[in-house]
Engineer: 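Here you go, one structure.
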Amino acid sequence: MGGREGRPMNSDELYALLRRRGVLWPSSEIYGGAQGLYDYGPLGAALKRRIEDAWRAWFLGLSDDYYEIDPAELLPEAVVRASGHLENFTDPEVVCDGCHRAYRADTILESARPEGVDGLSSEAIADLVRRFAPRCPACGAERLRVPRPFNLMFGLEFGAAAGDRAYLRPETAQNSYLAFARMWEVGRKALPLGIAVVGKAFRNEIAPRQILYRLRAFTQAELQIFFDPERWTVPIDVVRHDALPLVLARRRAAGDESIHPTTVEALVREENVPEFFAYHLAMAHRFYRDVLGYPAGRLRLFEKSETERAFYNRLQFDVEVNLDSLGGFREVGAVHYRGDYDLSRHSAGSGRDLAVTTGDGRRIVPHVLELTFGVDRNLWALADLHLVRDGERTVWKLPPYLAPLQVAVFPLLKKEHGPVARTIAEELRGEGWAVEYDDAGNVGRRYARVDEAGIPFAVTVDRETIEPGPAQGTVTVRLRDDRSQERLARARLAARLRPAFVFPHPPRAG
RNA sequence: GCGGUUGUGGUCUAGUGGUUAGGACGGUAGCUUCCCAAGCUACCUACCCGGGUUCGAAUCCCGGCAACCGCACCA
């Protein structure tokens, strides 16, 4: 599959189109909007739900031992203290009052404190700055200061008791770690155990940017897989020959930033990536390529180096998509190998021993493989990559199972064909599909509208449908992507369309 | 957060102190139309918010909000 046709749209054009069609718009819009907050309209809400369901079908379909839970969005303070978010989800900054440049505190204090500033209070950092870094590296002014620490979490009063605090979760992953002990019982005490959460997360970003790319309230779909690092076998043969578009940290360190298609087999053998990691990375790659339909040439799996990734991540590949509207490759998901960091932290924080006994009698703290997926970012990517200008028309070539509305039904002429068309629309709604009925203007206009909304099929009732003759009882089905038409008996409509709406499932080893 | 630019119907835009705030596309209703935004008629919708200057502000000034670009940030 090639890339998009026609002229690429920039961010403004794409956003204007999405606003106009009611896909999304600024939150609290009549008050001028709120930075980093957007609302999804009818098309956006339906599309988002489809994306989430496609994600569920794929990732929960990987194993019978992967489960979805629906936990609370609020985390008590003790949780975020244990996870490290209270302490570390801040950016110690140093700002120059002369030229307004900002620096990371650990950069500016490199010579005075090579071990970094993690864990130091802002007062301690301010003191170090006063003593060791009197000049701004850019303008030379002696006006460096440490602004108040800025935690990226939204905190709130919790309950009536003064001083009790909770936080809106900055990531859904924490809920899965918190649920592990309970799920260990529910899941019949076996590893691997996958716990998925699809839901909102909240970050008080300093500078939200680029519409859906950096939000203050956003939706994540995350799967945390708890496993025994000494024995986890995956059906690697299923993906052994998949070519992954890798950008390896090792090559980047040598100055090579380009994509090297590499088989899963080679990734395991030559790069020493564990099989369980390579397998899930390959399955994630298939999801973006085959389920979301991103052109293969626009995807890359970008390995984060040791200094780029969080210290507890042993291995991290970001899934990046090349988007015209955002000017290049942007992260839309990731695969992290987090070791036993999360359960160890919560063991220490809660006092609850989260180690488990394996079938062969070993006592271990399970390790975690994390698959994250940014729902909003991918919704944007689906617009960027699939919403194309095709000559005069604008067509949203979404995979049919992702389309917010499944079918449109038109009477070719409102009066003559309306009644029959309406009964057909009702029949199709009976299939559980969202059906748009439209009898306004002429049929060409209606086709244009459904093209823009991404509705894959338009069913049209005409004279032949109604009048006696060989074609009585037949309708035309018009396909969005190539405008071709088929004529078929209305009784066969549902059977004809149904396969297009099935979410792809991952292949399972035989 | 800092600096710059910008803010007119749903969308794109004209308007630089006094306009019934104009157009295009769009939407709605009707007519017409037997398959891809045609045509005819009528209608619909706007000066981001709040102050100030002025006889008079969409227009000038200040503040706020928001967007875009750059800087910084993105555990």
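We name chains A, B, ... by the order of the sequence lines, and we start the count at 1 in each one.
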Engineer: By nearest atom, which of the nucleotides B/A72, B/G27, B/U11 is closest to the A/Arg449 side chain?
Structural biologist: B/G27

Engineer: Please say whether the positively charged group of A/Arg19, taken as NZ for Lys or CZ for Arg, lies over the ring of A/Tyr15, i.e. under 6.0 angstrom from the six-membered ring centre and within 45 degrees of the axis.
Structural biologist: yes

Engineer: Quick one: A/Asn442 CG to B/C34 P, roughly how many Å, whole number?
Structural biologist: 11 Å

Engineer: Go through B/C2, B/C35, B/C12 for me and flag the one nearest to the A/Arg209 side chain.
Structural biologist: B/C2

Engineer: Without decimals, in angstroms, what is the distance between A/Glu29 CD and B/U11 C1'?
Structural biologist: 13 Å

Engineer: Side chain of A/Lys415 only, heavy atoms from C-beta on: which candidate in B/C31, B/A67, B/A72 is closest?
Structural biologist: B/C31

Engineer: Looking only at side-chain N and O atoms, does A/Asp318 offer a donor or acceptor that is under 3.5 Å from a partner on A/Gln316?
Structural biologist: yes

Engineer: Work out which heavy atom in A/Leu292 is nearest to a heavy atom in A/His386; give both atom names and the distance.
Structural biologist: O-NE2, 2.9 Å

Engineer: side-chain hydrogen bond (donor to acceptor under 3.5 Å, both in side chains) for A/Tyr294 and A/Asn378? Distances and angles first, verdict last.
Structural biologist: CA-CA 10 Å; A/Tyr294 297 163; A/Asn378 280 284; 2.8 Å; yes

Engineer: Could you give the CD-to-C1' distance, from A/Glu392 to B/A38, as a whole number of Å?
Structural biologist: 13 Å

Engineer: Using a heavy-atom cut-off of 4.0 Å across all strands, would you classify A/Tyr312 as base, sugar-phosphate, or nothing?
Structural biologist: base

Engineer: Choosing from B/A38, B/A72, B/A67, which nucleotide comes nearest the side chain of A/Arg445?
Structural biologist: B/A38

Engineer: Looking for any heavy atom pair under 4.0 Å, which part of the strands does A/Leu17 touch: base, sugar-phosphate only, or nothing?
Structural biologist: nothing

Engineer: Look through every strand shown and name the nucleotide pairing with B/C68 as Watson-Crick or G-U wobble, where both distances are under 3.5 Å.
Structural biologist: B/G4

Engineer: Checking only heavy atoms, does the side chain of A/Asp12 share a donor-acceptor pair with the base of B/C68 at less than 3.5 Å?
Structural biologist: no

Engineer: What is the distance from CZ of A/Arg214 to C1' of B/A75, rounded to the nearest Å?
Structural biologist: 13 Å

Engineer: Can you tell me if the side-chain N/O atoms of A/Lys414 get under 4.0 Å from OP1 or OP2 in B/U32?
Structural biologist: no

Engineer: I want to check one thing: is the phosphate of B/A67, taken as OP1 and OP2, less than 4.0 Å away from some side-chain N or O of A/Gln35?
Structural biologist: yes

Engineer: Would you kindly give the CD-to-P distance between A/Glu13 and B/A67, to the nearest whole Å?
Structural biologist: 19 Å

Engineer: Could you please name the option among B/A67, B/C2, B/C35 that lies closest to any side-chain atom of A/Tyr38?
Structural biologist: B/A67

Engineer: Test of understanding: with side-chain hydrogen bond (donor to acceptor under 3.5 Å, both in side chains), list the residues that count as partners of A/Glu331, not counting sequence neighbours.
Structural biologist: none

Engineer: Using purine N1 to pyrimidine N3 plus N6-O4 or O6-N4 for Watson-Crick, or N1-O2 and O6-N3 for G-U wobble, both under 3.5 Å, which nucleotide pairs with B/A24?
Structural biologist: B/U11

Engineer: Kindly give the heavy-atom pair with the smallest separation between A/Tyr437 and A/Pro411, and that separation in Å.
Structural biologist: OH-CG, 3.5 Å

Engineer: With a 3.5 angstrom cut-off on both distances, give the Watson-Crick or G-U wobble partner of B/A46, or none if there isn't one.
Structural biologist: none

Engineer: Does A/Arg352 have more than 12 heavy atoms from other residues, nucleotides or ligands lying within 6.0 Å of its CZ?
Structural biologist: no

Engineer: Write down the partner of B/U19 under the Watson-Crick or G-U wobble criteria, each distance required to be under 3.5 Å.
Structural biologist: none

Engineer: Which of the following nucleotides, B/C34, B/A75, B/A67, is nearest to the side chain of A/Leu412?
Structural biologist: B/C34

Engineer: Tell me which nucleotide, if any, is Watson-Crick or G-U wobble paired with B/C74 when both distances must be under 3.5 Å.
Structural biologist: none

Engineer: Please pick, from B/C35, B/G30, B/C34, the nucleotide with the shortest atom-to-atom distance to any side-chain atom of A/His417.
Structural biologist: B/C34

Engineer: For a quick check of understanding: with a heavy-atom distance under 4.0 Å over all strands, which category does A/Ser11 fall into, base, sugar-phosphate or nothing?
Structural biologist: nothing

Engineer: Picking from B/G10, B/C35, B/U33, which would you name as closest to the side chain of A/Arg20?
Structural biologist: B/G10

Engineer: How long is the straight-line distance from OG of A/Ser11 back to CH2 of A/Trp380, given to the nearest 0.5 Å?
Structural biologist: 4.0 Å

Engineer: Rounding to an integer number of Å, can you tell me how far A/Arg389 CZ sits from B/C12 C1'?
Structural biologist: 12 Å

Engineer: Would you indicate which nucleotide in B/A37, B/C35, B/A66 comes nearest to any side-chain atom of A/Ala448?
Structural biologist: B/A37

Engineer: Reading RNA chain B from 5' onward, which residue's closest nucleotide shows up sooner: A/Arg478 or A/Arg377?
Structural biologist: A/Arg478

Engineer: Applying a 3.5 Å limit to both distances, which nucleotide forms a Watson-Crick or G-U wobble pair with B/A29?
Structural biologist: B/U41

Engineer: Determine the contact category for A/Glu464: base if any of its heavy atoms lies under 4.0 Å from a base atom, sugar-phosphate if only primed atoms, P, OP1 or OP2 are that close, otherwise nothing.
Structural biologist: nothing

Engineer: Which nucleotide in the list B/C31, B/C35, B/C68 gets nearest to the side chain of A/Tyr447?
Structural biologist: B/C35

Engineer: Can you find a donor-acceptor pair, distance only, under 3.5 Å between A/Arg393 side chain and B/C36 base?
Structural biologist: no

Engineer: Is there a donor on the side chain of A/Gln485 or the base of B/C35 sitting less than 3.5 Å from an acceptor on the other?
Structural biologist: yes

Engineer: Rounding to an integer number of angstrom, what distance separates B/C62 and B/A24 when you compare their C1' atoms?
Structural biologist: 36 Å

Engineer: From CD1 of A/Ile206 over to P of B/C74, roughly how many Å is that when rounded to an integer?
Structural biologist: 8 Å

Engineer: On RNA chain B, compare the nucleotides closest to A/Arg19 and A/Arg216; which residue's is nearer the 5' end?
Structural biologist: A/Arg19

Engineer: For the pair made of CZ in A/Arg309 and C1' in B/C74, what is the distance, rounded to whole Å?
Structural biologist: 18 Å

Engineer: Does any nucleotide pair with B/U53 by Watson-Crick or G-U wobble geometry, both distances under 3.5 Å, and what is it?
Structural biologist: none

